[in-house]
Amino acid sequence: MIRTPGGRYFCGSAEPVLVLPARDDGEILARLSKNVAMQPFLRRSGRGFVVAEVPGSDRVRHYGLNRRRARARVAAGPDSPALSIPRAYEIDDFTFGLLWATGNLDDALLEDDAELASSLTRLDPYHGRLRSAVGHVGNLSDVSQLWLGSDFCVRHVLRNADRVGGTTMYWSRTQCGEEASAWLFFEHRFRYLRELSESATTASRVFCLPSGEVTVLSVAERVVLMLALALSESFGFQVQVCAEPEYSITHDFVLSPGNPALITNWIRAEGIWQVDVTDRLSILRELTDAGEYAGAHSIIAGADAYRRLRALADYLELDWAWLARRCAELADHGAAGLVQPRSRLLSLAGLDRACQYLAKLERAAH
Amino acid sequence: MTADRVLDGDAERPAAAALRDEIRRHRLALRLSQPKLAELVGYSRQYLSLVERETHNLPSLEVVTALDRIFGAGGRLLALRERAKAEREGKRALLPGLGQTVIETPAGQYFPGSITPALVVSACPAPMGGRVRVPLDREFVRQPRRALVIGAPAGELGGRQFALDTRGPRGRLHAMSPGAGLLIPYAYELDDFTRAILWAVSNLDDALLEDDAELDRLSVAMASVDEAPAVAGRELACDLSGLSQLWFGSDFCVRHILHNVRRLTEAPALWARDQRGEEAVNWLLFRHVYEYLRRMSSLTGAATPYRAFCIPTVTVADSARAERILLLLAIALTESFGTPVGVCVDPEYAVVQDFLLDGRRRAVVANWIRVDGLWQVGVTESAPDITDFTDASDYVRAHSVIAGPEPYGRLRAFADYLELDWTWLAGRCGDMARFGVAGFVRPRSRLLSLDGLDRACRYVADIDRGQRVSAGGK
């Protein structure tokens with residue numbers, strides 16, 4: 001089993017694993033012949049991994065291929081004595097973060113599939129209103145509530161996108177890997193970023209990441225956070241990071257000069273999502289102040305995306321060279337051979353794009 | 001009373017022993033020696049001698065089929081073997097010990113088999129009656145997955161186990177005070193009835209969730225019926241499991257039928273290819289099929305439609321009890337919508353495709369069960385087609401093995417045909433109808449619904465009660 005931990009939203013996941021002896025001949029080749037457990041393992045449904053175990057002089061390395069991809073590979077070459085697994089799929093802190101996020105999101109969203117479908121129907125009357133607050137819809141897990149809240153707020157912003165324009169600031173409350181995984185894997189968030197990027201002229205996106213919140217995160221979680229912010233940059237949003245803990249309570253908002261503000265509250269919202277379109281001066285003043293402060297004090301300030309993301313990696317204490325190499329490897333092969341969410345509400349488009357983008361920036365810089 | 005005793009109300013002895021004795025009785029009645037019989041069925045003497053002896057293994061399906069034919073037993077030996085098999089599986093799996101375990105359901109033609117985590121805990125009768133009370137294990141219940149809490153009481157209820165889906169209590173965890181327990185209705189006793197339901201729900205649910213993203217992609221691609229082709233190749237859905245293909249094919253055909261049947265001119269004659277429980281679960285659990293039945297019943301208005309099935313004896317003999325229970329419930333569901341059902345047993349009719357014959361002039365054809373490569377839908381007014389469909393439908397009306405003027409008679413006859421104990425089945429349906437299937441096991445996929453299953457249970461219970469009241473009145 002590959003077990004991943006729980007957290008504020010996640011319950012922890014367990015992935016069944018079939019370990020195969022393997023060798024590294026320039027490519028990772030897992031031995032298939034005489035393995036009686038292989039076919040029954042591949043036939044089973046649910047998530048699962050074929051893991052190639054390669055002994056090395058310093059340590060044993062593991063490379064994973066998800067069950068679906070392994071099944072397809074074995075079916076394509078049933079007599080092949082070995083299964084080739086891309087080096088990109090080495091199970092390390094980089095990929096463990098991806099397994100952790102996709103496994104926990106996928107399990108939770110599928111578990112609530114029917115309940116989510118009926119909750120969406122119940123939320124229908126609220127769409128189209130300028131202001132609404134919706135609390136506790138149905139019997140949903142924390143992850144499903146995060147998804148439903150995110151969906152509710154994404155629709156609000158897209159529906160009202162024509163109310164903002166010019167230089168636009170998007171503020172996000174996202175602070176941890178679990179919340180960042182929404183940006184990276186929720187299918188509606190990817191569409192949202194794409195649609196906004198097509199309409200906005202100049203846009204920045206502020207994340208409030210106090211060091212006290214960041215240092216407690218595992219490397220895997222920081223990788224997910226890093227990739228989520230890289231995804232925003234890839235869509236042309238200039239990312240800024242505000243490290244002041246006082247701004248942690250600021251809800252998500254969209255602000256542009258001379259326009260009303262769009263307010264959305266889906267992260268750490270305690271089961272009540274609020275959306276609003278407001279031109280109240282006191283609120284606009286407060287949001288403008290927060291935005292100006294963050295813009296002036298971003299701890300990852302830089303003239304271009306490469307510099308900003310490198311500074312972010314430093315702030316998150318991630319080794320940039322390692323990160324860029326792992327992104328390039330994964331971008332070459334695509335994430336789908338490693339992690340493949342079953343839920344239609346999840347997508348790997350964001351992850352693949354973030355990896356491609358980060359790898360491209362690194363290549364261009366050299 | 002143990003669970004398998006409930007299921008075999010007519011058999012006091014283990015079915016394996018009854019099967020051995022029956023084979024011996026038939027052989028002696030025909031004055032055949034074991035070597036002679038071995039010669040007739042084409043098996044070795046040694047193997048045939050084992051068939052009449054108490055051994056660890058049951059005789060193979062092939063040899064029992066051959067013996068049933070030679071003895072002219074009309075499927076009785078096959079049924080006994082099936083019961084013996086169920087008893088053995090049941091004894092191995094029905095009564096897990098206390099603690100964490102899993103409830104496995106077997107694989108079938110489409111079903112890959114499923115595994116449901118379970119926690120077996122001591123239980124006691126609840127003061128309000130009709131239920132057992134078990135302590136609440138919050139950690140087990142909190143996990144977001146399909147899982148069962150199983151209460152194992154001692155005393156009078158000893159030997160019986162009652163199961164509850166953790167999804168219901170999971171949603172109420174925050175409101176439950178410390179020390180609060182869970183109540184599990186007797187209706188949720190783990191027996192062949194509930195195992196059949198668990199088998200169907202868990203296998204379909206797992207398969208549809210596994211393919212959720214792919215099904216969504218395909219559904220979007222085929223969203224418009226007007227633009228969708230009348231023939232869809234399975235290569236479209238080659239990445240899907242067999243069960244998801246079944247769902248997709250069914251959805252494809254149902255949408256086409258509804259698109260082509262805006263109004264019916266006369267009482268339509270319908271034909272369904274479902275032969276086995278695995279195929280029939282689509283009636284009971286696919287959300288779109290339930291909606292289709294509702295729409296069709298509103299379209300037919302005052303006219304009474306008629307739905308024919310072809311379910312040959314050999315298929316029944318080869319179907320596990322769980323499958324036969326589901327098949328009966330599926331047909332009960334059809335009857336519940338005011339559509340009388342006829343069943344023909346002639347295997348020749350097994351190849352007839354699904355059709356809806358409207359007024360003997362026009363037919364909508366939809367093929368998705370047991371078809372290789374293509375799902376086909378279309379409308380035909382060709383005279384040979386209409387003649388074939390009319391003749392097939394008329395044949396079933398004239399030769400239905402469950403013919404009868406009332407639903408009760410037809411369903412009872414069908415239960416007899418499926419070798420199911422009607423009294424037991426109607427009782428279990430009544431139990432389940434009172435509490436609803438959802439408390440026992442609830443599908444997670446939005447593509448499934450328990451409306452059909454609940455309705456079928458309620459219908460069987462209602463017509464049985466109605467019959468008893470009417471018999472009592474006389």
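Note that the structure is predicted; figures quoted are calculated from it, not measured. Reminder, nothing fancy here: chain letters follow the sequence lines and each chain counts from 1.
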With a sphere of 6.0 Å drawn around CZ of Arg294(B), does it hold more than 12 non-hydrogen atoms of other residues, nucleotides or ligands?
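Not buried by this count: 12 neighbours or fewer within 6.0 Å.
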Around atom CZ of Arg8(A), are there more than 12 heavy atoms of other residues, nucleotides or ligands at under 6.0 Å?
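Yes, the 6.0 Å shell around CZ holds more than 12 heavy atoms from other groups.
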Return the minimal non-hydrogen interatomic distance between [X] and [Y], and the atom names on each side.
| X | Y | answer |
| --- | --- | --- |
| Pro443(B) | Ala114(A) | O-CB, 4.4 Å |
| Arg145(B) | Glu111(A) | CA-OE1, 3.0 Å |
| Arg342(A) | Asp212(B) | O-CB, 3.2 Å |

Which answer fits [X], side chain, backbone, both or neither, if we ask what part of it has an atom under 4.5 Å from a heavy atom of chain B?
| X | answer |
| --- | --- |
| Arg68(A) | side chain |
| Asp112(A) | both |
| Ser343(A) | both |

Under 4.5 Å from any heavy atom of chain A, what part of Asp205(B) do you find: side chain, backbone, both or neither?
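For Asp205(B), no heavy atom lies under 4.5 Å from chain A.
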Please list, in residue-number order, every residue in residues 169-182 of chain B that has a heavy atom less than 4.5 Å from any heavy atom of chain A; write 'none' if there are none.
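Residues of residues 169-182 of chain B touching chain A at under 4.5 Å: Arg170(B), Gly171(B).
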Are any of the side-chain nitrogens in Asp206(B) or Arg44(A) under 4.0 Å away from the carboxylate oxygens of its partner?
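Looking at Asp206(B) and Arg44(A), the cut-off is not met.
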With sequence neighbours excluded, what pairs up with Ala182(A) under the side chain to side chain contact (heavy atoms under 4.5 Å, CB included) test?
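With sequence neighbours excluded, Ala182(A) shows a side chain to side chain contact (heavy atoms under 4.5 Å, CB included) to Leu146(A), Phe186(A), Trp266(A), given in chain and number order.
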Determine the option with the most heavy-atom pairs under 4.5 angstrom with chain B, choosing from Arg71(A), Arg43(A), Arg344(A).
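The answer is Arg344(A).
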Identify which of Ala72(A), Gly6(A), Ala117(A), Gly46(A) forms the greatest number of heavy-atom pairs closer than 4.5 Å to chain B.
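Of Ala72(A), Gly6(A), Ala117(A), Gly46(A), Gly46(A) has the most heavy-atom pairs under 4.5 Å with chain B.
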Approximate separation, where rounding is to 0.5 Å, of Arg442(B) CZ and Glu115(A) CD
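Nearest 0.5 Å value for the CZ-CD distance: 7.0 Å.
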Taking every non-hydrogen pair under 4.5 Å, which of Ala207(B), Ser114(B), Ser445(B), Gly113(B) racks up the most with chain A?
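Of the options given, most contacts go to Ser445(B).
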